[in-house]
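So the structure is just underneath, and the comments pick up after that.
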Amino acid sequence: MKFFKFIFFGLALCFSACSQNNKMSNLTSKNYIETMMNSTKRYDYEPIYFLSYEQNICYSEILVNNIPVNKNFSEMLDGGTFEINNCIFKSGIQKVTLRMYPAGKHGMRDLQTLSWDTNMKIEITESDNRKRNLKGKVITAYLTPLAPVVKYGYERTQFAATGKNYFEASFTFNANVPYEFNSLDKARDLSKWDKDILKEKVVDFYKNQWNIINEKKEDEYFSYLELKEKETCQSLFYDKTDLQEILEAYQEAFIIEDYKLQPLQNYIVKLYGDGKLVCLELKSQDKNLRGESALWAKYDKDRMADFLTYYLYIPERGNDFKILR
């Protein structure tokens, strides 16, 4: 269980050194559904953009507008479909980036570099939110490039990055959405910050959230979610049923009896959103932990894990982290 990772990309909260123990808004678990219903506008046509991928003989990351939407470091054959509106902030050109890595040892194959038969296909489709049962319109598709080679006197094709330990590519598509968010446009460029100062500030944020969850301060926890949730609910046109499911997912950290936060350690600061978003990720090369959030918990007798991902930004006229996604 990944805490509905494909829906809301983690539970990003915010931290202020001066007021970290105070509520950031009046949002609570009790008024969550009503607040989100009142803030979400509805339209005759509500476009939902889906990303579908098929991945073979590699590990991968997929980002939309430089925000991670999928990471796979455990299965060398994988695929799936999920909504990406949460990373579409306004109408216009959207950028999709794929990153591919060697899969390592799987069965009889030890893949230390990308293989000749490595490939990845990504397709973007658009559907009406109210008619999701109908086949969506294909907007664009991407397939990793092939290169011709001659082997044993015969010409064939293989993955263009065969023998390499990394491959990255990007493509764009046009989206038309009825909403517009400017939070990221008005965010400070964290890539220009002193790395030690940024790291200290991000770690302080994570420590604060670790304490809030560990001490079961549910109302304080929800008070940090308002901006992120309003933008997410609007972009995905959530209805009451959707909101109830998300509310229950958020509350798991407070109601599961053996929910145990793990020590905050072995992490690395990662920048996304063209340098305007920051988070902490585990440095582990373990296939079950690689690329996951440094804030995570075990439950169900340590057989299940929740990874709470935080993508944080600082407004151009501010100094404190605020949630984005």
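For Phe205 and Tyr310, the ring centers are positioned less than 6.0 Å apart. Annotation: Trp116 is not in aromatic contact with Phe159 [ring centroid separation under 6.0 Å not met].
Side-chain N/O atoms of Gln55 and Asn72 include a donor and acceptor closer than 3.5 Å. Judged purely by distance below 3.5 Å, without hydrogens or angles, the side chains of Glu218 and Ser29 pair a donor atom with an acceptor atom. Using modelled atom types and a 3.5 Å distance limit, the side chains of Gln94 and Thr172 yield no donor-acceptor pair.
Using a 4.0 Å cut-off between a side-chain N of Lys or Arg and a carboxylate O of Asp or Glu, Lys201 and Asp194 do not qualify as a salt bridge. Between Asp306 and Lys298, no side-chain nitrogen of the basic residue sits less than 4.0 Å from a carboxylate oxygen of the acidic one, so the salt-bridge criterion is not met. Between Glu168 and Arg99 there is a salt bridge, with a side-chain nitrogen of the basic residue lying less than 4.0 Å from a carboxylate oxygen of the acidic one. Using a 4.0 Å cut-off between a side-chain N of Lys or Arg and a carboxylate O of Asp or Glu, Lys276 and Asp185 do not qualify as a salt bridge. Ionic pairing of Glu281 and Lys270 is present here: one or more N-O contacts between side-chain nitrogen and carboxylate oxygen are shorter than 4.0 angstrom.
Annotation: cation-pi geometry not satisfied between Lys90 and Phe181 (NZ/CZ under 6.0 angstrom from ring centroid, within 45° of ring axis).
Residue Tyr166 belongs to a hydrophobic cluster whose other members are Tyr59, Phe73, Tyr101, with links defined by side-chain heavy atoms closer than 4.5 Å.
Counting only distance, with no hydrogens or angles, the side chain of Asn38 and the backbone of Thr35 share no donor-acceptor pair below 3.5 Å.
The list of ring-ring contact (aromatic ring centres under 6.0 Å, His included) pairs with a residue in residues 265-286, not counting sequence neighbours, reads Tyr272-Tyr311.
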